[in-house]
Amino acid sequence: MLARASSGLLWTEHWYLLAAVTAAVVAVDPLNWGLASEMVVKHLALAISLPAIVLTYWGTRLRTSRRQAIPTASLASLFWPLLLLAALIVAGSLYARLIQDVQSTFLNVGLYMFMAFGAAAMVSKSHDPEALLRGYVYILLAAAAVMSGYLIANFGVRQVYHEQIFLVIPLAVLFFARQKGSLVRWAGCLFFLAMAWLSAKYTSYLIGALTVAYLALAVTVPRLAPLPGLRRTMLIYWTLLAAGLVTVGFAYLGFRGMLDLPTGNIDYRSHTYALAWERFLDSPLWGTLFSVEAVGKFTLYATGVSNNMLATHSDVLDLLANGGLLGIGLWMYELARAARVAHANVLHPKLLDRSWAPHAHTLAAMSAAGVVTYAFNPILLQPSLAYLLWTSFGMLVGFALRAGAVRKGISA
């Protein structure tokens, strides 16, 4: 078990959670005040969290022995691909802004990647890492509950929280991974899974399918392992058969035009994706090093938005086009390293009975859902969403490092 301090969270950790609350409020913006477009407000979470991270770091050095603390070098050795990518993006964006006078840059993309390292540092050095993890997930739960209410009230309106949906649907894992309370477990799980349908966007459908697959492979199958072989095999067989039939049924209805499916903006996306691919082919090794505009002129038709200066709508393609194989390679390498550490220390099936397992699995599913989202939407350019995305990722990895260190006897 991870040790808990009797005093609970420190004031710097409460301050850090306040930053998460701020980012969640800006992302949700329930009164539609346009908070995400206000220059100061949209970066407020970053401004609040930085002092908390710095003070926690120095406080840990002063109050905790080297044996008890997770060395910063260990964090850096795990996060170096993401830190290097973030530094490249920030450097290229500053060059574009200061030298070439480009105002719409990729600066936010790189800047908020550093928040993953900050979140990992906070939870790995916390006196009560489980409480910090739990507090952060409960903030996400509150935000998701508000967004779910709006999705229910505005069912049929396809632009309601479609970019924020990666913060909503994976909350189903938080409930389903519980050990007790079958009614709450199933009700909470089905409620948040239903948001995939109510959102009525292809991204939501993909995240819903991803969440179901995660629940099956990471939670259900491991819990079926103690059952007798034949019974376990039959349960898995009938579950997969039912899922397959449902999928085929929806596909049939969709192809027959019997479902009101979203368009997916195929014309827009195919045009912008082709342009991004051409930029990659022009410089496949390192791209533009992010020294160009983050938006481009869309010429197919008038959208009535931002003078038709629009994003690619795929952060992954932007990484490829502007970072080349170097940029996309660093990104993929970081995700692979983080997944390995998280699985070994907190996501392994033998750890499902731990009190913190539902929270860790929730952040894992949410991080995966985030990748799906920014593969088709420009959320890394948006400060509040990027903050929550990378903080969730960093929290998971930092907690995994702490849990691994505990088992090895490195920290208390």
Side-chain angles (χ1 to χ4, degrees), residues 27 78-79 81-82 85 109 112-113 115-116 119-120 123 133 136-137 140-141 143-144 147 161-177 189 192-193 195-196 199 201-222 243 314-317 319-320 328 330-349 351-352 356-380 382 385-401:
L78 179 59
F79 278 96
L82 188 66
L85 177 59
V109 176
Y112 281 88
M113 283 182 179
M115 289 297 96
V123 73
L133 184 76
Y136 176 72
V137 171
L140 297 178
L141 178 60
M147 287 188 280
Y161 295 127
H162 73 280
E163 292 182 331
Q164 296 90 336
I165 200 65
F166 74 96
L167 299 170
V168 180
I169 300 170
L171 265 299
V173 178
L174 180 65
F175 290 88
F176 193 79
C189 175
F192 284 109
L193 283 178
M195 296 306 116
S199 178
K201 298 286 288 186
Y202 284 120
T203 303
S204 304
Y205 301 156
L206 288 174
I207 294 175
L210 172 69
T211 303
V212 170
Y214 188 95
L215 289 172
L217 298 176
V219 181
T220 304
V221 172
S314 173
D315 289 324
V316 174
L317 273 179
L319 290 176
L320 182 64
I328 205 71
L330 289 172
W331 170 74
M332 294 176 66
Y333 189 41
E334 176 62 43
L335 294 186
R337 286 164 61 88
R340 178 179 57 81
V341 170
H343 181 267
N345 295 322
V346 294
L347 303 179
H348 196 277
L351 302 173
L352 272 172
W356 40 259
H359 306 90
H361 279 281
T362 298
L363 293 184
M366 193 170 290
S367 296
V371 173
V372 172
T373 304
Y374 65 75
F376 302 102
N377 299 277
I379 66 171
L380 296 186
Q382 303 176 54
L385 296 181
Y387 181 96
L388 294 172
L389 171 80
W390 291 118
T391 297
S392 300
F393 177 76
M395 279 273 183
L396 172 65
V397 178
F399 191 79
L401 284 174

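Being a predicted model, the structure only gives us computed values, none of them experimental.
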Can you name the closest pair of heavy atoms from [X] and [Y] and give their distance?
X	Y	answer
I165	P170	O-CD, 4.1 Å
A216	P222	O-CD, 4.3 Å
C189	A172	O-CB, 3.4 Å
F393	A116	CD2-CB, 3.9 Å
V316	I328	O-CD1, 3.7 Å
A144	F192	CB-CE2, 3.8 Å

Quick one: pull up [atom1] in [X] and [atom2] in [Y] and give me the separation to the nearest 0.5 Å.
X	Y	atom1	atom2	answer
H343	L351	NE2	CG	9.0 Å
L401	L396	CG	CG	9.5 Å
Q164	M147	CD	CE	6.5 Å
I169	L210	CD1	CG	9.5 Å
L206	T211	CG	OG1	10.5 Å
S392	L133	OG	CG	10.0 Å

Given side chains that start at C-beta, do those of [X] and [Y] come closer than 4.5 Å, heavy atoms only?
X	Y	answer
L167	L385	yes
F166	L389	yes
V168	Y161	no
V123	Y136	no

Has the side chain of [X] got a donor or acceptor atom that lies under 3.5 Å from a matching backbone atom of [Y]?
X	Y	result
S314	F376	no
T203	T373	no
D315	L380	yes
S199	M195	no

Please assess L140 against L363 for the test side-chain contact (heavy atoms from CB on, under 4.5 Å), listing each intermediate value before the final yes or no. CA-CA 10 Å; L140 297 178; L363 293 184; 4.0 Å; yes
Assess the residue pair T391 and Y112 against the criterion (side-chain hydrogen bond (donor to acceptor under 3.5 Å, both in side chains)); give the C-alpha distance rounded to whole Å, side-chain angles, the decisive distance to 0.1 Å, and a yes or no. CA-CA 9 Å; T391 297; Y112 281 88; over 6 Å; no
Kindly indicate, with the supporting measurements, whether the criterion side-chain contact (heavy atoms from CB on, under 4.5 Å) is fulfilled by V346 and W356. CA-CA 9 Å; V346 294; W356 40 259; 3.5 Å; yes
For W390 and Y374, take the angle between the two ring planes, folded into 0 to 90°, and tell me which bin it lands in: parallel under 30, tilted 30 to 60, perpendicular over 60.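 The rings of W390 and Y374 sit tilted, inter-plane angle from 30° to 60°.
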Return yes when atom CZ of F175 has more than 12 non-hydrogen atoms of other residues, nucleotides or ligands closer than 6.0 Å, and no otherwise.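 Count over threshold, so yes.
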Verdict with reasoning, Y333 to L85, per side-chain contact (heavy atoms from CB on, under 4.5 Å): CA-CA 11 Å; Y333 189 41; L85 177 59; over 6 Å; no
When the aromatic ring centroids of Y214 and H361 are compared, is their separation below 6.0 Å?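 When the ring centroids of Y214 and H361 are compared, they turn out to be within the sub-6.0 Å range.
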